[in-house]
Amino acid sequence: MFIKNIVSKVLVGSVLLGQAGIVYADNIKVSGWHQLFDFSKPAILMAEKKYEAKNAGTDLIMVDTAFGQALQQATVSTIAGNPSDVIQLVAGWVPAMAEIGGLRALDNLFTQEEINSIPKTSRDALTWEGELVAVPWNPGPILMHYNRNLMKEAGLDPDSPPATWPELKEAIMAICKLPERNGGSVYGIALRTSQNPNSAQWSIPIVYGHGGDIQVDNVPAVNNESVSDALNWIAEIVNSNCSPVGFGFAETRTLFAQERAGFIFEGPWGRGLVKNMSDGKLTVEPKGDVWVAQMPAAPDGTVKTIGNPIVATVSSKSKNPELAVDFLRTVLFDKEITDEFFTSSGLLPSSSMDILGSGLVGADAYAQLFVDALPFTYDTPIKSSKFNMILGELAIGMQEVISGANSNDVLTKVDEKIKSKLKR
Amino acid sequence: MKFSFSKLVRGYIIPYGLQASALASTAILISPIVWMVSTSLKKESEVFDRPPVWIPSEISFDSYFRIMNSFVANILYNSILVALLAAIIATVIGAMTAYALSRFAIPGKSTIMLFFLSSLAFPIPLLMMSMYILLMKMGLLDTLLSMIIGHTVITLPITVWLMKNFIDQIPKEIEEAAYVEGASFLRIIFFIVFPLSMPALTASALFVFVTSWNELFFGLSFISSPDLRTVPVGISQSFLQEFKTDWTGMMSLAVIVTIPIGIIFVFLQKSFLRGMIAGSVKG
Amino acid sequence: MYSLKQNKLLLLGLCLPATLIVAIFIIFPIANGVYMSFTDASPLRPTSKFVGFENYRYLFADDVYWQVLGNTIFIIGFATILAMLISVCLALLLNNTIRFSGLYRSLIFQTWVVPWIVIAILWGWIFNTDYGLVNGTLAQYGLIESQIDWLFNGKYAQWAIILCFAWRSIPFLMVIMLAALQGVPGEVLDAAEVDGAKYWQKTFKVTLPLIQNISLAAALMQAVRMFQEMTLPFVLTEGGPMNATMVLSMYSYNLAFDSWDFALAATVGSLWLVMLVLFGAIYLKTVVREM
Amino acid sequence: MSYVELNNIGKSFDRVEVLKKINLSIKKDEFCVLIGPSGCGKSTLLRIIAGLESPSSGSLSLNNKDVTELRPRDRNIAMVFQNYALYPHLTVRGNMEFGLKLDKTPKAKINDLVNEAAAILKLEPYLTRYPKQLSGGQRQRVAMGRAIVRNPSLFLFDEPLSNLDAKLRTKMRTEIKSLHFRLKSTTVYVTHDQIEAMTMADKIVVMNEGEIIQVGTPLELFDNPKNLFVASFLGSPEINLFEGTVKKSSDGYFLKLDGTSDLNLPQDLNFNEDQKIIVGIRPQSLKVSSKSTKLKSVVNIIENTGTSTFIFSTVGSSNVCSEVDRNLNFKVGDDIFLSAEPNKMLIFNPETGERLINEI
């Protein structure tokens with residue numbers, strides 16, 4: 001198989017070299033990374049078939065883009081004037097694309113009914129200058145996953161996970177005291193603290209938990225009491241060796257799958273990850289090894305979390321936005337396809353509450369916890385085209401606080417840096 | 001027989017001491033690679049054993065079978081294609097230029113050579129930005145050609161430098177003899193000079209190949225289609241992005257992508273070093 | 001040389017491809033890069049305008065830039081020194097008539113062909129806090145009590161990168177120095193021996209001075225290549241923690257292709273170019289003149 | 001018209017004139033040796049004949065055809081280089097075939113020619129070897145073979161023997177000469193070794209500082225050098241030179257040397273008294289006896305080469321050399337007396353170096 005693949009590649013080598021220039025003027029191009037994953041392929045192929053049957057004569061072309069390159073690719077192709085009609089993004093990147101005028105307003109392309117089926121917080125997050133420029137394809141609220149076995153061992157009740165941040169901290173500290181397992185020490189929680197915007201993004205729910213936010217009126221404002229509290233909360237846990245230091249998403253996930261961390265914050269993909277990475281040893285069920293709960297509540301009792309949804313947009317340069325939107329309509333609202341998507345990937349397949357609340361998704365307890373979280377999930381916690389830069393600076397600040405610096409000093413500096421970079 | 005301390009030192013202690021230190025330092029220097037191979041042959045369960053286990057209790061090729069999929073075949077194929085073409089193009093063009101610099105009366109020759117030498121140290125990101133804009137305008141972004149161009153550009157200076165120093169050492173009389181015998185200039189260059197420069201050509205081609213095989217950032221910025229990824233790009237963009245830190249799989253992949261140049265070097269190491277040393281020691 | 005000298009067409013043909021490549025892909029980008037450092041260029045903007053020294057002012061006021069500059073010099077400086085010391089010792093050792101010395105040399109040199117991306121993955125595994133070889137071995141012999149976060153502590157991470165860079169440079173430096181050692185004429189050493197020099201005196205007074213220039217040139221070449229190398233920090237540490245392993249090349253790459261701030265990245269690149277010119281001038285004035 | 005004709009050939013490199021108005025003609029089948037000290041322009045002249053350099057002025061014709069503007073390959077010449085310039089990546093056969101293949105000679109004919117040349121040069125056992133597997137003499141022969149196979153109208157040799165040791169050089173000298181005898185090929189041969197020139201040449205061209213000093217057969221040049229330069233360049237050991245002032249005594253003219261010694265001059269010539277001259281006497285003509293003459297000398301060194309014996313002795317402050325019968329029994333420190341036949345003396349003007357009397 002391996003050899004055959006190489007041979008066939010050699011035969012088409014010359015074609016590969018000149019592959020880029022092909023332009024299909026009348027067709028609909030969809031770029032994204034879903035197609036890359038085996039688990040979402042069946043649904044994507046089904047959608048393609050259905051779409052082409054519905055719109056006879058239209059050729060749907062799937063353009064694979066690496067996740068890490070998706071924003072860059074979309075940006076460059078938009079500047080160069082030949083973007084795909086439909087572009088898959090994550091919510092945080094939407095402002096960057098919207099700012100260069102790359103996205104088409106969707107308000108008039110979808111029916112009012114369709115739009116209303118999307119939760120309002122999601123719509124708000126994806127609205128840029130009053131216009132809806134993206135729709136969530138796979139909503140991704142970040143919830144608290146916890147290891148029931150470790151809780152039991154630490155003398156905690158696995159059926160009543162921590163509901164407030166102080167409770168969570170206590171649980172973390174308790175689990176942290178457990179003896180070594182699988183060749184390494186057991187951590188209370190696997191927090192992301194690597195030097196990556198992603199680490200800062202994942203700490204935003206902790207800021208919410210301390211009653212604040214990192215922006216005011218869509219302007220980033222990290223220098224405040226709650227951010228400072230959140231960073232100190234993280235630093236205290238890390239410095240008591242109850243969370244690893246410097247880990248990114250891959251390392252934290254490994255840790256959790258090895259039953260060496262009591263808690264982890266993950267989206268609806270958490271179930272699949274835990275199962276895969278533990279080679280099926282761990283079950284994700286209400287009474288199984290791992291289960292999920294809503295984020296702990298802030299002091300005022302509110303529960304808020306961030307989302308990291310995969311969204312779909314239509315390029316402002318698309319020659320045929322109606323046809324493009326019809327593809328979105330197919331993948332988002334066709335029950336057969338969303339069911340297939342849900343079965344094969346476990347991800348929330350649509351942003352429509354109608355779909356999420358009924359059928360296969362409606363019957364799934366794990367999925368329903370995420371659906372429940374949608375109304376208080378904030379998909380773009382910072383609405384800025386320099387989303388990554390802001391979070392990147394915050395991540396470095398977080399590392400500084402962990403290494404012992406005064407959080408207020410650090411945040412003053414981070415705030416200045418963000419402001420000066422926003423001016424560029 | 002009289003016992004002599006100095007004889008003991010000279011006859012046994014020094015030779016065995018040298019042998020032992022040579023063996024020890026070699027062992028230490030290649031230990032990371034041994035560890036890589038060792039990990040790749042372990043069973044998943046043994047990977048996390050402490051203290052570290054150097055020789056797996058049971059050799060297992062599972063991880064190799066697990067990662068040998070079309071994705072790996074694809075990145076290997078792309079890398080081989082790009083590295084091979086870059087090596088050929090850079091070496092041939094470099095050799096042609098080197099020949100001209102070595103044999104023709106070109107004004108400012110030493111300045112040109114100094115420029116080539118210093119361009120090895122040029123800030124690559126600075127080069128990449130304008131190249132990016134150029135390639136975008138030429139419509140070459142997201143083609144293997146863009147990477148081939150990039151890799152040729154950053155290695156051309158060294159091929160010129162290596163080849164020029166080597167060609168300088170070939171006696172001109174050989175070319176004159178061929179010229180008197182009626183060979184045309186092109187024939188002299190391609191049938192006399194280049195065959196004689198084989199060590200330098202090998203060294204430059206290998207240098208370009210290795211550089212290209214290693215190069216991540218042109219691939220990262222110029223390529224967006226997963227089909228066109230080379231080994232470093234494929235690994236950093238897909239493998240490291242995968243959800244799992246699968247160490248045996250990672251190490252197997254590391255072994256697999258090291259093998260192609262490893263094999264080339266086992267066969268061509270001598271020639272490579274000869275050309276490299278002839279070309280660089282002098283300069 | 002014969003009438004080749006007059007063959008303008010041939011000269012043109014030979015030089016044309018390289019000239020085109022150099023002009024289009026080296027000289028133009030460098031010149032354009034320097035120009036961009038005086039504008040607010042970004043691929044996200046359709047047009048750019050001239051801003052004078054604004055980018056330079058911004059960069060000089062940014063403490064991260066200075067930190068990165070310091071890191072780069074620290075990491076590459078120590079890596080080069082470390083690699084030089086080890087390779088000199090190795091070359092001297094293997095230059096003795098030792099059995100299998102050819103094999104040792106080949107084995108060590110094989111490490112030079114390991115791709116950077118593999119090195120990044122491999123050393124990430126070796127320095128892994130929980131299961132890594134380093135912590136495992138240290139703990140095995142009771143040298144450490146708790147695990148060390150090699151890659152997540154600023155100082156340790158810098159030294160881990162230094163070690164990687166040095167490890168990767170040693171094979172190349174070693175073979176160059178071995179070649180240089182083999183080029184030292186035997187008569188000179190015989191003469192020293194006749195004059196009564198002991199092994200160490202011969203080594204320090206005769207051998208090393210004779211290979212000094214070649215070794216320095218090779219070390220400089222390695223340093224220059226490491227200056228451009230960014231795969232390792234990019235993959236191994238992402239420049240962290242707290243930018244401790246952020247080197248100049250990766251910093252400017254990120255500015256250009258992550259923040260799309262071509263202007264600032266070009267400024268970093270232009271300053272790099274200035275350093276290069278200064279360094280080159282000093283090098284030519286001091287080292288080359290002595291040669 | 002001669003076979004090779006050089007008309008006013010001049011050559012300058014960067015305003016340095018290395019050849020000044022060279023005129024030379026070489027007959028068909030002639031073996032012509034260009035000789036002179038290094039830097040005299042002989043190699044440049046050969047390269048101009050080959051077409052490797054183009055002259056700055058003048059013209060060159062080969063077999064009645066003006067070839068000044070022709071490329072080497074259109075001149076039908078073959079050249080043997082000082083370091084042989086064999087193609088290291090080709091076998092002996094490959095080296096010899098190279099030029100023929102370029103001429104698109106039929107394969108069968110190439111084989112015949114190469115085999116024939118290999119037979120002549122006794123290279124048959126080495127045809128499949130590479131140059132680096134051959135000894136110096138064998139390489140030399142391959143270089144010649146490469147020239148022979150092409151049956152050129154002109155052979156050019158550029159100091160071909162200078163890389164060989166003394167014994168081999170003598171051997172190859174004979175081989176080249178006999179080859180020339182056999183092939184009857186017109187040859188231009190550059191050397192700085194006067195013995196090579198003397199033994200091989202039909203015609204010697206002595207050059208110095210870019211000019212031809214004298215042209216002639218070896219014996220003509222040896223016996224009748226045009227000036228001091230030619231006289232001292234040819235002959236080994238070098239010609240003895242006595243510098244002094246002409247005086248007249250009752251016996252006729254004699255040369256007053258700086259010491260106490262005198263030398264009798266040919267009496268049939270008219271000298272001016274007090275005229276300064278240089279007298280050259282070849283070692284072979286400088287007789288030694290214990291019988292008293294006016295030229296007294298003390299033996300310094302006796303050199304015996306087996307075939308001949310040389311006595312180096314001191315006259316005044318200068319050393320002279322004479323070839324003697326090996327049976328004469330002299331010891332170092334002995335007083336000896338020197339004399340020479342008047343007709344063996346060559347007389348030169350010390351200022352210009354020109355021969356004063358061309359015919360004696």
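In this text, all values refer to a predicted model and were calculated from it rather than measured experimentally. All values below come from the heavy atoms of this structure, side chains included, with hydrogens, waters and symmetry mates left out. All chains are named by letter (A, B, ...) in the order of the sequence lines, taking the proteins before the strands, and each is independently numbered beginning at 1.
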Item to complete: Please assess Ile189(B) against Leu14(C) for the test side-chain contact (heavy atoms from CB on, under 4.5 Å), listing each intermediate value before the final yes or no.
Response: CA-CA 10 Å; Ile189(B) 293 169; Leu14(C) 285 173; 4.0 Å; yes
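- Residues Pro125(B) and Met230(C) share a closest heavy-atom pair of CG-CE, 4.2 Å.
- Under a cut-off of 6.0 angstrom, the local environment of NZ in Lys109(B) is crowded, with over 12 non-hydrogen atoms contributed by other residues, nucleotides or ligands.
- For a residue to count as touching a neighbouring chain, one of its non-hydrogen atoms must lie under 4.5 Å from one of that chain's; by this rule Ile27(C) touches chain B with the side chain only.
- Heavy atoms closer than 4.5 Å to chain B are found in both the backbone and the side chain of Asn32(C).
- Of the two parts of Val255(B), neither the backbone nor the side chain holds a non-hydrogen atom closer than 4.5 Å to a non-hydrogen atom of chain C.
- Counting heavy-atom pairs under 4.5 Å between each of Thr258(B), Val266(B), Val257(B) and chain C puts Thr258(B) at the top.
- One distance of note links CG of Leu220(B) with OG1 of Thr231(C); it measures 9.5 Å at 0.5 Å rounding.
- In this structure, the separation between OG on Ser119(B) and CD1 on Ile30(C) is 9.0 Å, given to the nearest 0.5 Å.
- Ile14(B) does not touch chain C: none of its heavy atoms, backbone or side chain, sits under 4.5 Å away.
- Within the 4.5 Å cutoff, no side-chain heavy atoms of Ile24(C) are placed close to those of Met131(B).
- Heavy atoms only, all atoms of each residue included: Leu126(B) and Ser270(C) are closest at CD2-N, 4.2 Å.
- Taking CG of Leu20(C) as the reference point, atom CD1 of Ile93(B) lies at 9.0 Å (rounded to 0.5 Å).
- Within the structure, the salt bridge (charged side-chain N to carboxylate O under 4.0 Å, His left out) test picks out no pair touching residues 89-113 of chain C (sequence neighbours left out).
- For the atom pair CG (Leu29(B)) and CD1 (Ile86(C)), the distance works out to 7.0 Å, reported to the nearest 0.5 Å.
- The most heavy-atom pairs under 4.5 Å with chain B, out of Ala139(C), Pro29(C), Ala266(C), come from Pro29(C).
- The most heavy-atom pairs under 4.5 Å with chain B, out of Cys15(C), Ser106(C), Cys89(C), come from Ser106(C).
- Ser25(B) and Tyr104(C) share no donor-acceptor pair across their side chains, judged by distance under 3.5 Å alone.
- Neither the backbone nor the side chain of Ile264(B) comes within less than 4.5 Å of any heavy atom in chain C.
- Contact of Phe209(B) with chain C is not made at all, since no heavy-atom distance falls under 4.5 Å.
- Contact of the Trp54(B) side chain with the Leu133(C) side chain is registered, since non-hydrogen atoms from C-beta on lie closer than 4.5 Å.
- Residue contact with chain B, scored on non-hydrogen atoms closer than 4.5 Å, involves the backbone and the side chain of Ile26(C) alike.
- Ala22(B) and Leu94(C) make their closest contact through CB-CD2, 4.0 Å (heavy atoms, listed as atom of the first residue, atom of the second, distance).
- Of the two parts of Gln269(B), only the side chain, counted from C-beta on, holds a non-hydrogen atom closer than 4.5 Å to a non-hydrogen atom of chain C.
- Under the 30°/60° scheme for interplanar angles, the aromatic rings of Phe217(B) and Tyr253(C) are found to stand perpendicular.
- The most heavy-atom pairs under 4.5 Å with chain B, out of Leu122(C), Ile119(C), Leu255(C), come from Leu122(C).
- Interface remark: Ser31(B) contributes no atoms to any contact with chain C (heavy atom separation under 4.5 Å).
- Side chains of Arg225(C) and Thr211(B) form a contact here, defined as non-hydrogen atoms less than 4.5 Å apart.
- Between chain B and the residues Gly33(C), Gly13(C), Pro115(C), Ala218(C), the most heavy-atom pairs under 4.5 angstrom are made by Pro115(C).
- Smallest separation of non-hydrogen atoms from Met36(C) and Ser130(B): CE-OG, 4.0 Å.
- With a 4.5 angstrom heavy-atom cutoff, Leu101(B) does not touch chain C via any of its atoms.
- Ring planes of Phe262(C) and Tyr132(B): perpendicular class, angle over 60° (limits at 30 and 60°).
- Note: Pro32(B) leads Pro32(B), Pro51(B), Ala254(B) in heavy-atom pairs under 4.5 Å with chain C.
- Between Phe109(C) and Phe265(B), the ring planes are tilted. Angles from 30° to 60° get that label.
- With a 4.5 Å cut-off on non-hydrogen atoms, Leu134(B) touches chain C through its side chain but not through its backbone.
- Only the side chain of Leu156(B) comes within less than 4.5 Å of a heavy atom of chain C; its backbone N, CA, C and O stay farther away.
- Counted within 6.0 Å of CZ on Phe279(C), heavy atoms from surrounding residues, nucleotides or ligands total 12 or fewer; the atom is thus considered open.
- A 4.5 Å side-chain heavy-atom check between Leu127(B) and Phe25(C) finds every atom pair outside the cut-off.
- With a threshold of 4.5 angstrom between heavy atoms, Val47(B) approaches chain C through its backbone and through its side chain.
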Worksheet item: Does the side-chain contact (heavy atoms from CB on, under 4.5 Å) test come out yes or no for Val22(C) and Phe116(B), once each step is laid out?
Response: CA-CA 9 Å; Val22(C) 167; Phe116(B) 275 126; 3.8 Å; yes
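- For a residue to count as touching a neighbouring chain, one of its non-hydrogen atoms must lie under 4.5 Å from one of that chain's; by this rule Leu23(B) touches chain C with backbone and side chain alike.
- The contact between Ile149(B) and chain C is made entirely by side chain atoms (from C-beta outward), counting heavy-atom distances below 4.5 Å.
- Of all heavy-atom pairs spanning Ala100(B) and Leu11(C), the tightest one is CB-CD1, 3.9 Å.
- With a threshold of 4.5 angstrom between heavy atoms, Phe207(B) approaches chain C through side-chain atoms but not through N, CA, C or O.
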Practice prompt. Take Val118(C) and Met36(B) through the test side-chain contact (heavy atoms from CB on, under 4.5 Å) and record every step on the way to the result.
Written response: CA-CA 9 Å; Val118(C) 169; Met36(B) 170 171 96; 3.6 Å; yes
Practice prompt. For side-chain contact (heavy atoms from CB on, under 4.5 Å), just list the numbers for Met250(B) and Trp125(C), CA-CA rounded to whole Å, side-chain angles, deciding distance to a tenth of an Å, and then say yes or no.
Written response: CA-CA 9 Å; Met250(B) 287 285 225; Trp125(C) 173 225; over 6 Å; no
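- Contacts of Asn128(C) with chain B are made by side-chain atoms alone, with heavy-atom separations under 4.5 Å and no backbone atom involved.
- Contacts of Ser249(C) classified as side-chain hydrogen bond (donor to acceptor under 3.5 Å, both in side chains), with partners at least two apart in sequence or in another chain: none.
- The two residues Gln228(C) and Ala121(B) have their closest heavy-atom pair at NE2-C, 3.5 Å.
- Checking side-chain atoms of Gln19(B) against main-chain N and O of Phe100(C) turns up no donor-acceptor pair under 3.5 Å.
- Note that CG of Leu10(C) and CZ of Phe185(B) are 6.5 Å apart. Values are rounded to the nearest 0.5 Å.
- Note: Leu18(B) CG to Asn95(C) CG = 11.0 Å, rounded to the nearest 0.5 Å.
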